[in-house]
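Each ligand, and each atom within it, is numbered from 1 in the order the structure gives.
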Amino acid sequence: MAITAVEELNILHSTQLIIKEALGKMGYSEEMYELLKEPLRVLSVRIPIRMDNGEYRVFQGFRAQHNDAVGPTKGGVRFHPNVTEDEVKALSIWMSLKCGIVDLPYGGGKGGIICDPREMSKGELERLSRGYVRAISQIVGPTKDIPAPDVMTNAQIMAWMMDEYSRIREFDSPGFITGKPIVLGGSQGRESATAKGVTIMIDQALKAKGIPLHKARIVIQGFGNAGSYLAKFMHDSGASVIGISDVYGALYDPNGLDIDDLLSRRDAFGTVTKLFPNTISNRQLLEQDCDILVPAAIENQITMDNADRIRAKIIVEAANGPTTMEATRFLTAREVLIIPDVLASAGGVVVSYFEWVQNNQGYYWSLEQVDSKLKEVMVKAFENVYNVHISRKVDMRLAAYMTGIRKMAEAVKYRGWI
Ligand code: GLU
């Protein structure tokens with residue numbers, strides 16, 4: 001039966017369907033699916049904050065912990081007006097898959113607060129970040145659940161959160177959170193890690209499709225943390241970045257964009273297109289001619305509504321959930337190679353893991369060490385998923401889910417939970 005557009009865009013529902021299919025293909029029981037289809041724990045919190053004008057506003061926040069059979073849970077906290085409980089739940093499941101694919105000793109977690117940081121002062125953001133940590137402090141910690149940056153959160157917010165947690169526990173706890181500023185125990189290479197991981201995926205995908213890097217034409221949707229670093233890395237490596245976008249619009253030039261100029265004019269949230277008169281829409285950008293399309297913004301960008309107009313040969317998902325399950329099937333049938341989010345964007349959590357290891361050891365690594373270990377992990381993860389895709393004749397997303405969920409299901413079995 002054909003699914004409706006509303007069902008197609010329900011990310012929790014479609015994630016559950018793919019988890020079910022992945023577990024079924026590997027011979028796991030229905031009981032295993034019953035356990036893994038939802039987070040073990042979801043905490044919903046109300047956070048009262050005094051705003052600069054003296055009034056109080058109450059913010060809604062969440063923290064979801066998908067499964068801790070493998071180890072503590074791990075995943076970012078997003079600040080966004082459209083955060084919902086179901087979205088945070090789905091994102092926590094995706095973090096489990098990411099950690100499984102790159103073989104980290106973690107399960108998945110995710111947090112979110114319904115707010116718009118673009119309209120808040122620094123002081124308000126600090127109070128909200130600290131209030132969130134107080135609200136969830138019972139269930140998080142360096143050996144329980146380790147937060148990190150996500151959409152519209154950054155190293156400064158991680159610093160406030162770490163400071164608040166350390167005050168509550170009354171000892172310095174750098175391993176409570178990753179993505180911190182370097183002076184507070186952050187890792188070299190963490191800020192650009194998601195983008196670096198994506199460049200490694202692009203290399204692998206180009207090899208699989210036989211396209212040389214210097215001939216590759218790339219469109220990147222989103223100019224936040226992942227999108228902007230990626231544009232810089234691809235531009236510096238000799239590829240041609242021909243399209244970028246932010247929430248307000250997109251720039252496209254088949255002859256290549258001046259990325260260094262755009263980066264120097266970008267604000268803290270990655271906004272730059274407002275400065276230009278001739279923009280196109282985000283939707284139009286996705287449909288432009290290119291070799292590689294990198295959605296690096298938010299969910300549900302490539303759907304059955306526009307999949308037949310996508311002209312890229314390769315899609316590398318730097319954002320979480322940009323392509324729906326149905327659009328994935330449609331495009332795979334047209335031989336578009338999709339490197340799914342749970343694989344392509346795992347570079348961030350890999351270097352978060354390195355940061356946590358360094359915090360626990362009190363011994364810090366050089367950027368070269370971080371980069372070479374990241375590369376080793378990402379290349380191996382790509383090969384594992386690609387081999388499942390070929391040998392089991394499943395699309396790359398299902399191959400990634402099968403690879404990502406296996407370790408967790410085994411850990412659940414050994415612990416005797418199922
Ligand atoms: N928020 C990032 C993600 O979705 C990073 C998570 C982390 O570093 O723990 O992968």
> Does NZ belonging to Lys144 count more than 12 external heavy atoms closer than 6.0 Å?
Replying inline: yes

>> Which residue and atom name correspond to the protein heavy atom nearest atom 9 (O) of ligand 1, and how close is it?
In response: Lys74 NZ, 2.8 Å

> Counting from 1, what ligand 1 atoms have a heavy atom of Met95 closer than 4.0 Å?
Replying inline: 3 (C), 4 (O), 6 (C), 10 (O)

> Should you measure from each heavy atom of Asn320, which atoms of ligand 1 turn up under 4.0 Å away?
Replying inline: 4 (O)

>> At less than 4.0 angstrom from any non-hydrogen atom of Gly75, what atoms of ligand 1 do you find?
In response: 9 (O)

>> Test ring-ring contact (aromatic ring centres under 6.0 Å, His included) on Tyr33 and Tyr28; report intermediate values, then the result.
In response: CA-CA 8 Å; Tyr33 170 67; Tyr28 287 103; over 10 Å; no

> Which protein non-hydrogen atom lies closest to atom 5 (C) of ligand 1, naming both residue and atom, and how far is it?
Replying inline: Arg190 NH2, 3.5 Å

> Does Pro147 come within less than 4.0 Å of ligand 1, judged by its heavy atoms?
Replying inline: no

> For ligand 1, which atoms sit closer than 4.0 Å to a heavy atom of Lys110?
Replying inline: 1 (N), 3 (C), 4 (O)

> Is a salt bridge present between Asp341 and Lys98, judged by a nitrogen-to-oxygen distance below 4.0 Å?
Replying inline: no

>> Distance under 4.0 Å to a non-hydrogen atom of Gly348: what atoms of ligand 1 satisfy this?
In response: 8 (O)

> For Leu104, does its backbone N or O pair with a side-chain atom of Lys407 as donor and acceptor, under 3.5 Å?
Replying inline: yes

>> Show the atoms of ligand 1 that are less than 4.0 angstrom away from any heavy atom in Pro149.
In response: 1 (N), 2 (C), 5 (C)

>> Counting non-hydrogen protein atoms only, what is the nearest one to atom 7 (C) of ligand 1? Give residue, atom name and distance.
In response: Ala148 CB, 3.3 Å

>> Other residues, nucleotides and ligands only: do more than 12 of their heavy atoms fall within 6.0 Å of NZ on Lys375?
In response: no

> Would you call the rings of Phe382 and Tyr386 parallel, tilted or perpendicular if under 30° counts as parallel and over 60° as perpendicular?
Replying inline: parallel

> Is the number of heavy atoms from other residues, nucleotides or ligands within 6.0 Å of CD (Gln361) greater than 12?
Replying inline: yes

>> If you count heavy atoms of other groups shown closer than 6.0 angstrom to NZ of Lys25, is the number above 12?
In response: no

> Aromatic rings Phe176 and Tyr165: how do their planes relate, parallel, tilted or perpendicular, breaks at 30° and 60°?
Replying inline: parallel

>> As an exercise, identify every atom of ligand 1 less than 4.0 angstrom from a heavy atom of Gly76.
In response: 1 (N), 6 (C)

>> Check contact between Arg78 and ligand 1, using heavy atoms of the residue and a distance below 4.0 angstrom.
In response: no

> Considering only heavy atoms of Lys98, which atoms of ligand 1 have at least one such atom less than 4.0 Å away?
Replying inline: 3 (C), 4 (O), 10 (O)

> What protein heavy atom sits nearest atom 8 (O) of ligand 1, and how far away is it?
Replying inline: Ser352 OG, 2.5 Å

